[in-house]
Amino acid sequence: MLGVVADIVVFGAIPKVLSYRVPEGLQPLSGMRALVPVRQSTRVGVIIALKSAEIEGLKDIVSLIDPQPLVTQEIIELLIWCSRYYHAGIGACLALAFPPLLRKAGVLADVGEEDGLKEHLPLTALQYSDDQARAILTIGSSLDKRRFQTYVLHGITGSGKTAVYLACAMRALNAGRTVIYMVPEIALTPQTIARIRESIPYAMAVFHSGLSPKTRAEEFLKAARGRARFVLGTRSAIFAPLMDLGLIVVDEEHDGSYKQSDGVPYNARDLAVMRAKTNAAVVILGSATPSMDTYARIRTHDSALIPMNSRIGKAQLPHIDTVDMRGRAEILSEELAAAMDETLAKGEQCLLFINRRGFSAAMVCPGCATVLTCTRCSQSLTYHKSRSAAVCHYCGFSLPVPEICPACGCMDMRPLGLGTERVIAEVAQKLPQARILQMDSDEISSPRKLGAALNAIRERRVDVIVGTQMISKGHDFPHLTLVGVMQAEQLLNMPDFRAVERTFQQVVQVAGRAGRTRPDTRVIMQTLIPDHPVIMAITRYDYDTMLKEEEYSRRQAGLPPFAYMARCVFSSLTGPPLEQTVKRITKTLTLPGLKVMGPALAPLGQLRGRHRWHILLTAEKRATLHRALTHLEQAKVPGHIRVKIDVDPYDML
């Protein structure tokens with residue numbers, strides 16, 4: 001017997017689409033949530049399709065939760081594509097588009113401000129630089145034509161990219177279309193939100209994980225019900241349920257936080273291009289240091305480049321001096337210490353960048369070379385002097401720092417390496433009058449604390465900021481005139497083929513915090529490898545040279561963006577059976593055109609008590625890579641072993 005059948009995806013771990021009969025009296029639509037029976041329980045799912053089909057043996061939908069769809073068919077199709085491309089469960093993918101509260105059966109009151117121009121927010125005519133005006137004109141032409149186009153806005157720090165984004169957003173909104181504006185996680189501060197609210201006189205919805213569950217659901221409903229046509233957020237904003245998208249902005253597109261590491265490993269930047277193409281919209285990928293993946297799109301004519309090479313007004317990029325730290329034991333070089341003293345004497349601010357929390361990277365015994373390590377992860381414990389503890393930054397395990405070596409009894413355990421705490425101690429000793437602010441995730445643990453810290457900097461209640469990458473992008477401090485980079489080569493030692501690219505991006509971004517409004521600023525970069533090509537490129541802000549050298553080495557090695565890659569991580573509580581299973585499965589991956597690297601113990605060989613092995617797969621053709629992954633998914637794996645597939649990986653640990 002034929003009847004109306006609903007294909008429904010249940011939130012959670014159920015890996016397939018389930019079909020249910022639609023009882024008489026119900027009028028479901030694709031995108032609505034529904035209560036459905038699953039085994040002995042009732043679960044929440046989303047209707048993804050309706051069809052006429054055989055209904056014998058099918059269970060009935062219990063009830064509909066929503067009076068109208070919460071997501072569009074376009075979003076549903078995007079999530080189905082994510083499931084296939086990232087080899088992830090369809091239920092887990094669908095959950096990406098819904099805030100946690102709406103994955104449950106409750107109905108939230110439809111709240112939010114009505115869309116429309118807010119009369120109390122006056123629009124002011126802005127004066128644009130020549131670079132800004134050209135960018136707005138070029139992007140505006142595509143917006144007016146309602147034509148899909150990807151633009152790479154390569155603008156140096158301080159060139160005014162944000163003003164371009166907002167001008168183009170206003171153009172799309174005034175034409176009746178909708179806008180998604182994405183920023184990296186650490187850049188979405190209350191100040192950022194307030195500044196953009198002041199520039200966009202339309203109702204706005206904000207998407208990010210720092211909001212309460214109820215607020216996240218309310219912001220989602222603003223977009224779903226058409227009460228807000230502008231969505232500002234982090235990577236999850238790419239799934240905002242907006243109709244008639246006209247513009248998607250991806251600010252700091254090179255930032256790794258657009259790639260999700262847990263759960264479904266999607267990249268919001270790449271999905272932005274897909275959504276824009278589906279909606280005949282424009283996508284702007286903006287950065288002072290674009291990723292090689294993005295620049296590869298320009299080479300294949302999939303994207304258009306818009307350069308912005310000048311800072312606003314009289315400001316200039318700060319001069320970068322390199323200090324050779326070979327053979328020098330001090331933490332602050334004489335050059336950097338003198339520059340800091342001079343800067344503070346003028347009533348100006350300094351920023352010291354060190355990309356590691358704690359006091360030191362490890363505690364080492366000088367007698368037997370024993371290093372304190374985590375009992376659950378193959379990682380040394382970071383010494384936190386403020387807590388008198390050695391802490392694992394991966395699983396949270398900690399122990400009091402022992403007075404004697406647990407291996408040989410030596411009574412002289414010593415800290416090795418640098419962290420924010422150790423740099424702060426050195427600054428306090430050399431510049432006792434300085435007011436020091438620590439900006440890392442140990443100290444800045446909430447959006448409220450981050451907002452308070454940024455206010456303290458802008459109000460000049462701070463002289464020296466010592467921070468990690470939290471402070472390296474998206475902030476403008478008018479009185480910051482000196483930046484010191486500690487251990488500039490630190491990222492180069494990571495087991496990551498993007499290490500050179502990331503080093504360049506990180507140091508140039510943090511250097512860009514200085515001199516945003518004035519010409520008399522400088523950067524001092526301490527390094528053990530002053531002659532390394534990437535260090536020399538940084539001192540000249542020479543992105544093109546870094547790009548060419550990286551392009552050559554990656555082409556030779558067959559690495560992204562000149563090949564497609566997936567990383568497969570196998571983990572288990574027991575080591576030897578895991579190794580045997582990984583080696584067995586790897587031997588079966590023999591497709592023509594497929595290159596297999598490994599199997600090998602992962603750089604982080606143990607994490608939270610689980611042993612880890614990995615393999616890297618590369619191929620010149622995307623189809624070859626996905627055939628190999630499908631074969632791997634079908635392989636017999638013991639129940640105690642977990643397999644995580646990461647397509648287009650960023651995390652190589």
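Count residues from 1 along the sequence. Note that the coordinates shown come from a computational prediction; the quantities given were computed from them, not determined experimentally.
- No side-chain donor-acceptor contact under 3.5 Å links Asp251 and Tyr181.
- Here side chain to side chain donor-acceptor pair (under 3.5 Å) pairs that include residues 557-578, with residues two or more places apart or in two chains, are Arg567-His614, Ser571-Arg610, Ser572-Thr574, Ser572-His640.
- Inspection of the His631 and Thr588 side chains reveals an N or O donor paired with an N or O acceptor under 3.5 Å.
- In this structure, Arg555 satisfies the cation-pi test against Phe562, with its NZ or CZ atom closer than 6.0 Å to the six-membered ring centre and inside 45 degrees of the ring normal.
- Aromatic ring centres of Phe239 and Tyr266 lie closer together than 6.0 Å.
- Judged by distance alone, the side chain of Lys644 and the main-chain N or O of Cys568 form no donor-acceptor pair under 3.5 Å.
- Heavy atoms of other residues, nucleotides or ligands lying less than 6.0 angstrom from CE of Met536 number 12 at most.
- Within 6.0 Å of atom CD in Glu620, 12 or fewer heavy atoms from other residues, nucleotides or ligands are found, so the atom counts as exposed in its surroundings.
- Around atom CE of Met597, more than 12 heavy atoms belonging to other residues, nucleotides or ligands sit under 6.0 Å away.
- A donor-acceptor contact shorter than 3.5 Å is absent between the side chain of Arg357 and the backbone of Gly419.
- Cation-pi check for Arg498 over Tyr650 is met; the charged atom lies under 6.0 angstrom from the ring centroid and within 45 degrees of its normal.
- Taking the centre of each ring, Tyr543 and Tyr295 come in below the 6.0 Å mark.
- One side chain, Asp255 or Ser257, offers a donor N or O that lies under 3.5 Å from an acceptor on the other.
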